[in-house]
Amino acid sequence: MSQTLQLVFEMPENKTMTLSVASPKLDLTAGQVSAAMQTIVDQNIFMKDGLSILAKKSARIVDRVVTDFDVV
């Protein structure tokens, strides 16, 4: 199983931008995630199509299970 932290931000024109972080720390708290997201917004670290992030929208950890089949 693998985990990904997805940080979702509000962009102009009612659009969103999602940043994905592979293998996040297992003991992350909502406060830590929120603070990191606010830093990204405040410092204008990322842009998309020349537009700056407006605000935090949501965050989640996604668990993914992959089952491989031997078909050879």
Side-chain angles (χ1 to χ4, degrees):
M1 177 174 14
S2 66
Q3 290 188 330
T4 303
L5 171 64
Q6 294 182 340
L7 309 174
V8 183
F9 296 92
E10 293 178 13
M11 300 293 292
E13 302 173 5
N14 293 323
K15 294 184 180 183
T16 62
M17 178 175 73
T18 302
L19 298 175
S20 296
V21 179
S23 303
K25 286 178 33 176
L26 296 177
D27 60 350
L28 275 179
T29 66
Q32 291 170 320
V33 172
S34 181
M37 291 178 75
Q38 191 60 51
T39 298
I40 291 169
V41 173
D42 292 345
Q43 295 186 9
N44 200 26
I45 294 172
F46 296 102
M47 297 181 78
K48 181 178 179 183
D49 299 327
L51 302 172
S52 296
I53 294 171
L54 298 177
K56 303 178 290 185
K57 183 170 184 176
S58 65
R60 61 184 171 232
I61 290 183
V62 176
D63 290 316
R64 180 174 160 221
V65 177
V66 176
T67 304
D68 290 321
F69 293 100
D70 184 13
V71 295
V72 178

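These numbers come from the heavy atoms of this one structure, side chains and all, not from hydrogens, waters or symmetry mates.
- Interatomic distance, M37 CE to D42 CG, rounded to the nearest 0.5 Å: 12.0 Å.
- Interatomic distance, K48 NZ to L19 CG, rounded to the nearest 0.5 Å: 9.5 Å.
- More than 12 heavy atoms of other residues, nucleotides or ligands lie within 6.0 Å of CG in D63, so this atom counts as buried by the packing criterion.
- Atom CD1 in I53 sits 10.5 Å away from atom OG1 in T16 (nearest 0.5 Å).
- Counting heavy-atom neighbours within 6.0 Å of K56 NZ, excluding the residue itself, gives a total above 12.
- Between I40 and Q38, the closest side-chain pair of non-hydrogen atoms is not below 4.5 Å.
- Contact between S52 and N44 at its shortest, heavy atoms only, is OG-OD1, 2.9 Å.
- Under the side-chain contact (heavy atoms from CB on, under 4.5 Å) rule, Q3 has a single partner from I61, L28, V21, which is I61.
- The hydrophobic cluster containing F46 also contains V33, counting ILVMFWY residues as joined when their side-chain heavy atoms lie under 4.5 angstrom apart, directly or transitively.
- Q32 approaches T29 most closely through the heavy-atom pair OE1-N, 2.9 Å.
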- [ ] Take F9 and L54 through the side chain to side chain contact (heavy atoms under 4.5 Å, CB included) test and state the conclusion after the steps.
- [x] CA-CA 7 Å; F9 296 92; L54 298 177; over 6 Å; no
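- Within 6.0 Å of the CG atom in N14, the count of heavy atoms belonging to other residues, nucleotides or ligands does not exceed 12.
- In the hydrophobic cluster analysis, where Ile, Leu, Val, Met, Phe, Trp and Tyr join through side-chain heavy atoms closer than 4.5 angstrom, M17 is grouped together with L51.
- Hydrophobic clustering of Ile, Leu, Val, Met, Phe, Trp and Tyr side chains at less than 4.5 Å, counting indirect connections, unites I45 with L5.
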